[in-house]
S.K.: 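One structure coming up, written as structure tokens, with questions to follow.
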Number of protein chains: 2
Amino acid sequence: MQQNKIDTCPFQEAMDLMSGKWTMTIINTLMAGKMRFKVLERSIPGINTRMLVKELKQLEKTGVLTRTAYATVPPTVEYALSEKGISLTSVLAAVQDWALKNMQTKN
Amino acid sequence: MQQNKIDTCPFQEAMDLMSGKWTMTIINTLMAGKMRFKVLERSIPGINTRMLVKELKQLEKTGVLTRTAYATVPPTVEYALSEKGISLTSVLAAVQDWALKNMQTKN
DNA sequence: CTGTATCCAGGTAGATACTG
DNA sequence: CAGTATCTACCTGGATACAG
């Protein structure tokens, strides 16, 4: 999650994008469908408000997800994966697959 | 690259493992075959000795690569991917693929 | 509910210089 | 060549408290 503008390689950029501590967890959670902030927060044990906000902003900026706010009281904001976000499924799957094969013996 | 022992999910562990700034670059470089320390260092522009040593140690510890030292003068040390490391190819490919499709429009 | 604002601890990464 | 040793800057992430 380094912000160096020196990174010109798409691969590095992609890794950078996904390297946040909660990034992939958030994306993975949102695979289930659009979700409100609070629901998302409750779905990811251990995360705190500040981190979730930060990650969501970052992911929105990079176009991985979309944010939709409704002018209700109290406020309603929904987060959903964009096409770009959904297309991360293949990466998610590859990592998951590798993890299951290579990390399970531990613990 | 957080070291929290609280992470019990294999997926999180895997992401943790790959999240170092230089980790995937090193692995990717080593895909070409075994390599000596200095060669590796020269193959990865921008990295410094300390970081390379640190990452290599980490990756050796997690079994992604192997370190072989020869008692020569001057010393010869070769690093090579293990089976576990080589099996990361699928992840590498998935990320690469996604990156090319989704990051190229930028820059 | 959906964030923002602070404050702070710890880790990550860079630059050298130096050793066997 | 293959590292180790320092010293430092910066960033990430956590804990609250508070606001619209």
Side-chain angles (χ1 to χ4, degrees), chain A residues 1-7 9 12-13 15-27 29-30 34-62 65-80, chain B residues 1-7 9 12-13 15-27 29-30 34-62 65-80:
Chain A
M1 188 82 85
Q2 285 79 17
Q3 316 295 59
N4 314 354
K5 297 301 180 189
I6 306 111
D7 289 346
C9 169
Q12 302 265 26
E13 283 180 59
M15 282 308 301
D16 228 43
L17 177 72
M18 320 185 316
S19 293
K21 178 172 181 180
W22 302 101
T23 315
M24 292 310 254
T25 306
I26 291 172
I27 293 172
T29 305
L30 277 176
K34 69 184 176 199
M35 227 167 271
R36 295 183 63 176
F37 185 87
K38 205 66 183 178
V39 178
L40 206 41
E41 191 171 17
R42 273 192 296 258
S43 300
I44 304 174
I47 201 169
N48 60 40
T49 310
R50 196 181 80 84
M51 276 299 110
L52 182 54
V53 170
K54 204 175 166 185
E55 295 278 358
L56 288 173
K57 268 185 180 152
Q58 164 97 6
L59 291 173
E60 187 193 358
K61 203 177 68 185
T62 53
L65 56 78
T66 59
R67 194 191 95 114
T68 315
Y70 301 94
T72 57
V73 178
T76 303
V77 180
E78 282 182 343
Y79 292 91
Chain B
M1 188 81 86
Q2 286 79 16
Q3 316 293 60
N4 315 354
K5 297 302 180 190
I6 307 109
D7 289 346
C9 168
Q12 302 266 24
E13 283 180 60
M15 282 308 300
D16 227 44
L17 177 73
M18 321 184 316
S19 294
K21 178 170 180 181
W22 302 101
T23 316
M24 292 310 255
T25 307
I26 292 172
I27 293 173
T29 305
L30 278 175
K34 69 184 176 199
M35 227 168 272
R36 296 181 62 174
F37 185 87
K38 204 66 183 179
V39 177
L40 205 43
E41 192 172 16
R42 273 193 295 258
S43 302
I44 304 175
I47 201 170
N48 61 41
T49 310
R50 190 179 145 278
M51 274 301 109
L52 183 53
V53 170
K54 204 175 167 184
E55 294 278 356
L56 288 173
K57 269 185 180 151
Q58 164 96 6
L59 290 172
E60 187 194 359
K61 202 177 69 184
T62 51
L65 56 77
T66 59
R67 195 191 95 114
T68 316
Y70 301 93
T72 57
V73 178
T76 302
V77 179
E78 281 182 342
Y79 292 91

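Predicted model only: the values in this text are computed from it and were never measured. To find a chain, count down the sequence lines: A is the first, B the second, and so on, and within it residues start at 1.
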S.K.: In whole angstrom, give the distance that lies between atom CG of Leu59(A) and atom P of dG3(C).
M.R.: 14 Å
S.K.: Give the minimum heavy-atom separation between Ala80(B) and Lys34(B), together with the two atoms involved.
M.R.: CB-CB, 3.6 Å
S.K.: Just the rounded figure in Å: distance from C1' of dG13(D) to CH2 of Trp22(A).
M.R.: 9 Å
S.K.: Report yes if a side-chain nitrogen or oxygen of Tyr79(A) is closer than 4.0 Å to either non-bridging phosphate oxygen (OP1 or OP2) of dC1(C); otherwise report no.
M.R.: no
S.K.: Among Asn48(B), Thr49(B), Leu56(B), which one satisfies side-chain contact (heavy atoms from CB on, under 4.5 Å) with Leu52(B)?
M.R.: Leu56(B)
S.K.: Nearest-Å distance, CE (Met51(B)) to P (dC11(D))?
M.R.: 15 Å
S.K.: Can you confirm whether the side chains of Thr68(A) and Glu78(A) place a donor and an acceptor under 3.5 Å from each other?
M.R.: no
S.K.: What contact category does Val53(A) fall into here, base, sugar-phosphate, or nothing, at under 4.0 angstrom with non-hydrogen atoms?
M.R.: base
S.K.: Atom NZ of Lys54(B) and atom P of dA5(D): how far apart are they, to the nearest Å?
M.R.: 14 Å
S.K.: Looking at the side chain of Glu55(B), which of dG20(D), dG20(C), dA13(C) is the nearest nucleotide?
M.R.: dA13(C)
S.K.: Is Arg50(A) side chain donor-acceptor paired with the dG13(D) base, going by distance under 3.5 Å alone?
M.R.: yes
S.K.: What is the separation between atom CZ on Arg67(B) and atom P on dA2(D), rounded to the nearest whole Å?
M.R.: 10 Å
S.K.: Can you measure Leu52(A) atom CG to dA15(D) atom C1' for me and round it to whole angstrom units?
M.R.: 15 Å
S.K.: Just how far, in rounded Å, is P of dA13(C) from CE of Met15(A)?
M.R.: 12 Å
S.K.: Please give me every residue in residues 35-48 of chain A whose heavy atoms get under 4.0 Å of an atom in DNA chain C, ordered by residue number.
M.R.: Arg36(A), Phe37(A), Lys38(A)
S.K.: Using a cut-off of strictly less than 4.0 Å, decide whether Lys57(A) has a side-chain nitrogen or oxygen near OP1 or OP2 of dT2(C).
M.R.: no
S.K.: How many whole angstroms separate atom NZ of Lys21(B) from atom P of dC11(D)?
M.R.: 11 Å
S.K.: Looking at residues at least two apart in the chain, or sitting in another chain, which of them share a salt bridge (charged side-chain N to carboxylate O under 4.0 Å, His left out) with Glu60(B)?
M.R.: none
S.K.: Is the backbone N or O of Ser19(A) less than 3.5 Å from a side-chain atom of Thr23(A), with the two atoms forming a donor-acceptor pair by type?
M.R.: no
